[in-house]
Amino acid sequence: MDKFRMLFQHFQSSSESVMNGICLLLAVVTVKLYSSFDFNCPCLARYNALYGLGLLLAPPLALFLCGLLANRQSVVMVEEWRRPAGHRRKDPGIIRYMCSSVLQRALAAPLVWILLALLDGKCFVCAFSNSVDPEKFLDFANMTPSQAIGWSVTLLLIIAAFLARCLRPCFDQTGFLQRRYWSNYVDLEQKLFDETCCEHARDFAHRCVLHFFASMQSELQARGLHRDNACRSPEPPAVPEPPEVLDSGSEKAHLRAISSREQMDHLLSTWYSRKPPLDLAASPGLCGGGLSHRAPTFALGTRLSQHTDV
């Protein structure tokens, strides 16, 4: 199960190559689904249009939603759009770039389905069979008009992609590179925050369990229920040292400093409401001093500052 979860997280990463691979996979699945689908028009004047347009538009809508779900940046984009500004301003250009990237990849599979349906022609002819002469489409043999629409749309998409590819270097690339960098940063920052929270939860649970067994051992000894020296149990597990004595330069010092539920709840609420500005040089002195990875650790029971780097 852990391997499956790691594999799923890998496919949800912000890497463009991985997302392009998922986009291509959805397109291949779309072709396979359409080729295995056996279309049969009901040939009823009341249901032809509904049936034909339903098969032409409903599967692309489902594929579009699947493309949004498979793209991790869709959730990151909504979170970045909805979060309070706090001490970090929100850049509309980053949100627009992420939205454009998400839509381009999510629309690939639906467009493949629509193009295949137009080139095949059966759905289109069935949907508009009430407004055309049936003799022209006897047994769906002549589907030239709908195929012409499909080829026209395909040609327009190829020309648009060619022009976008060729004309992009002619414009200033500074803004594009900046938006691309910070959109990737927002995604990676959220992933690192989640990973650090999982690391803290594991370390906090480990220390709580050790503290429980150590306290139970002390209680048994106080009641005189421990065994004699000849058959005594092994030494109780060592309780981790309190955060006051931890070296502030150690890797887990910033995690062990957060040692109560109130502190962790305050940190989680602060992360989205008042994110620190993107200025690492000024972060240690923000609002009375934040808890950076080099700052001294807190003692038990102390309140967190408004800005905590984890």
Side-chain angles (χ1 to χ4, degrees), residues 2 5-6 8-10 12-14 72-91 94-95 98 181-215 238-310:
D2 293 338
R5 179 175 57 83
M6 293 176 60
F8 182 74
Q9 290 178 351
H10 174 72
Q12 278 194 321
S13 66
S14 62
R72 173 185 167 84
Q73 276 197 334
S74 58
V75 179
V76 177
M77 176 192 64
V78 176
E79 291 179 352
E80 181 67 15
W81 176 51
R82 293 291 301 171
R83 72 170 177 85
H87 298 283
R88 181 188 300 182
R89 67 180 182 89
K90 292 192 291 186
D91 189 353
I94 297 176
I95 300 176
M98 298 174 70
Y181 174 86
W182 289 115
S183 64
N184 290 331
Y185 170 84
V186 171
D187 188 11
L188 292 173
E189 183 188 51
Q190 184 58 43
K191 289 178 62 178
L192 289 175
F193 182 81
D194 294 339
E195 293 174 2
T196 307
C197 287
C198 293
E199 183 181 355
H200 176 269
R202 182 178 181 85
D203 181 74
F204 187 72
H206 179 70
R207 287 189 290 153
C208 285
V209 171
L210 292 181
H211 185 271
F212 168 76
F213 281 103
S215 60
V239 181
E241 295 180 351
E244 304 96 302
V245 300
L246 288 175
D247 180 17
S248 60
S250 62
E251 295 181 355
K252 291 190 177 182
H254 58 294
L255 297 180
R256 293 175 181 267
I258 307 169
S259 53
S260 68
R261 180 170 183 172
E262 290 75 14
Q263 287 180 337
M264 195 63 198
D265 289 341
H266 179 71
L267 184 145
L268 294 174
S269 63
T270 304
W271 175 250
Y272 287 104
S273 61
R274 294 186 296 274
K275 281 190 176 182
L278 298 175
D279 189 357
L280 298 180
S283 59
L286 289 174
C287 298
L291 180 61
S292 67
H293 68 288
R294 296 183 181 273
T297 57
F298 286 160
L300 287 172
T302 57
R303 293 289 295 174
L304 287 176
S305 65
Q306 289 185 349
H307 304 294
T308 303
D309 298 337
V310 290

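If you're wondering where the values come from, they're calculated on a predicted model, not measured in any experiment.
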Could you walk me through whether H200 and T196 pass the side-chain contact (heavy atoms from CB on, under 4.5 Å) check? CA-CA 6 Å; H200 176 269; T196 307; 5.6 Å; no
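Screening I95, I94, V76 for a side chain to side chain contact (heavy atoms under 4.5 Å, CB included) with W81, the sole residue that qualifies is I95.
To the nearest 0.5 Å, atom CZ of residue R82 and atom NZ of residue K90 are 8.0 Å apart. With values rounded to the nearest 0.5 angstrom, L267 atom CG is found 13.0 Å from E262 atom CD. The structure places OG of S183 at 9.5 Å from CG of L188, a figure rounded to the nearest 0.5 Å. Note that NE2 of H266 and CD1 of I258 are 10.5 Å apart. Values are rounded to the nearest 0.5 Å.
For E189, the side chain to side chain contact (heavy atoms under 4.5 Å, CB included) test picks out R88, Y185, W271, K275, with sequence neighbours left out. Partners of D265 under the side chain to side chain contact (heavy atoms under 4.5 Å, CB included) rule, at least two apart in sequence or in another chain, are R261.
The existence of a salt bridge linking K191 and D187 is excluded, since no basic side-chain nitrogen approaches an acidic carboxylate oxygen closer than 4.0 Å.
In this structure the side chain of M264 reaches within 4.5 angstrom of the side chain of C197, judged on heavy atoms.
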